[in-house]
*Asks:* 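Pasting a structure here, questions to come.
Position 1 is the first residue of the sequence; numbering continues from there. Here the structure is a predicted model, which means the values were calculated and not measured.
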Amino acid sequence: MTGEYRNTLDEKGRILFPAKLRNELFGESEKNILIVTQSFDRCLWLYTLEEWKVLSSKIMETASPFSKQNRLVLRSLIAPAQEVELDKAGRLSIPQSLREYAGLSKDCIILGINRYMELWDSESYKSYLEENEQDLKDAAEALSTINL
């Protein structure tokens, strides 16, 4: 699943989840559940239950509570994760603590990034891209060994 989708957050903190993504992720399933958590770039990560189980299991298998760095990742990624079910209208209700973390206002962007999605405030995403333009060019250059 890939793509960039623009939608608005309503006054109750709900965002209409794109129908294309809903169909790809859930098909005819009755349970349309996503795990929503903080990312490291002041946006939110969204995972299906299956993908979240894989990621969180790998993290928990390798993270030690005796490591300061590991505890930081566990507290920043695993602890704030919340299970959210899409309502009948296809809206995802973003918990307030996560909305505040990502600075979500009215205009938002959902990015499909193959195994997970990101939810950004539109202005924050625009600023992020501008601030990281040179890093993107450097990262693309580092991929120059990929032959098409």
*Asks:* Could you walk me through whether Glu4 and Ile109 pass side chain to side chain contact (heavy atoms under 4.5 Å, CB included), step by step?
*Replies:* CA-CA 7 Å; Glu4 181 176 305; Ile109 295 176; 3.6 Å; yes
*Asks:* Sequence neighbours excluded, which residues qualify as side chain to side chain donor-acceptor pair (under 3.5 Å) partners of Gln69?
*Replies:*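 Partners of Gln69 by the side chain to side chain donor-acceptor pair (under 3.5 Å) criterion come out as none, since no residue qualifies.
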*Asks:* I need the full list of ring pair (Phe, Tyr, Trp, His ring centres under 6.0 Å) pairs touching residues 125-148, with sequence neighbours left out, sorted by first then second residue.
*Replies:*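 Listed by first then second residue: Trp120-Tyr125, Trp120-Tyr128.
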*Asks:* Can you tell if the side chain of Ile15 reaches within under 4.5 Å of the side chain of Ile110, non-hydrogen atoms only?
*Replies:* yes
*Asks:* Using the test side chain to side chain donor-acceptor pair (under 3.5 Å), find all partners of Asp138 that sit at least two apart in sequence or belong to another chain.
*Replies:*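 Partners of Asp138 under the side chain to side chain donor-acceptor pair (under 3.5 Å) test: Gln134.
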*Asks:* Applying side chain to side chain contact (heavy atoms under 4.5 Å, CB included), run through Leu104 and Leu119 and close with a yes or a no.
*Replies:* CA-CA 9 Å; Leu104 299 181; Leu119 176 58; 3.8 Å; yes
*Asks:* Return the set of residues passing side-chain contact (heavy atoms from CB on, under 4.5 Å) with Ser105 (not counting sequence neighbours), or none when no residue passes.
*Replies:* Asp121
*Asks:* Please report the closest heavy-atom contact between Leu98 and Leu44, naming both atoms and the distance.
*Replies:*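 What the structure gives for the nearest pair is O-CD2, 3.6 Å.
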*Asks:* Counting only N and O atoms by type, is there a donor-acceptor contact under 3.5 Å from the side chain of Asp87 to the main-chain atoms of Gly90?
*Replies:*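 Judged by distance alone, yes, a pair lies under 3.5 Å.
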*Asks:* Not counting sequence neighbours, which residues clear ring-ring contact (aromatic ring centres under 6.0 Å, His included) with Tyr101? List them please.
*Replies:*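 Tyr101 satisfies ring-ring contact (aromatic ring centres under 6.0 Å, His included) with no residue once adjacent residues are dropped.
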*Asks:* Determine, for Lys137 against Glu133, whether the closest basic-nitrogen to carboxylate-oxygen distance falls under 4.0 angstrom.
*Replies:* yes
*Asks:* Indicate the atoms forming the closest heavy-atom contact of Cys108 with Leu9, along with that distance.
*Replies:*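 The answer is SG-CB, 4.1 Å.
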*Asks:* Tell me, please, which residues at least two apart from Ile78 pass side-chain contact (heavy atoms from CB on, under 4.5 Å).
*Replies:*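 Expected list: Trp52, Ser56, Ile59, Met60, Leu74.
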*Asks:* Sequence neighbours excluded, which residues qualify as side-chain contact (heavy atoms from CB on, under 4.5 Å) partners of Ser93?
*Replies:* Arg14
*Asks:* How would you list, by chain and number, every residue that makes a side chain to side chain donor-acceptor pair (under 3.5 Å) with Arg99, sequence neighbours excluded?
*Replies:* none
*Asks:* After noting the C-alpha distance and the side-chain angles of Val54 and Tyr47, does the key distance pass the side chain to side chain contact (heavy atoms under 4.5 Å, CB included) rule?
*Replies:* CA-CA 10 Å; Val54 170; Tyr47 286 88; over 6 Å; no
*Asks:* Do other residues, nucleotides or ligands put more than 12 heavy atoms under 6.0 Å from Arg115 CZ?
*Replies:* no
*Asks:* So, Thr2 side chain and Ile113 main chain: donor-acceptor pair closer than 3.5 Å or not?
*Replies:*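 It does not hold such a pair.
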*Asks:* The criterion is side chain to side chain donor-acceptor pair (under 3.5 Å); which residues satisfy it with Glu123, sequence neighbours excluded?
*Replies:* none
*Asks:* Enumerate the salt bridge (charged side-chain N to carboxylate O under 4.0 Å, His left out) contacts for residues 41-69, please, sequence neighbours excluded, ordered by first and then second residue.
*Replies:* none
*Asks:* What's the shortest heavy-atom distance between Thr37 and Pro80, and which atoms?
*Replies:* OG1-CG, 3.7 Å
*Asks:* Please answer whether the main-chain N or O of Glu85 pairs with a side-chain N or O of Asn32 as donor and acceptor at a distance below 3.5 Å.
*Replies:* no
*Asks:* Go through the structure and list residues passing ring-ring contact (aromatic ring centres under 6.0 Å, His included) with Phe40, not counting sequence neighbours.
*Replies:*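 Phe40 satisfies ring-ring contact (aromatic ring centres under 6.0 Å, His included) with Trp45 once adjacent residues are dropped.
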*Asks:* Minimum heavy-atom separation for Leu16 and Asn7, please, with both atom names.
*Replies:* O-ND2, 2.7 Å
*Asks:* Which residues pass the side-chain contact (heavy atoms from CB on, under 4.5 Å) test with Lys20, not counting sequence neighbours?
*Replies:* Tyr5, Glu24
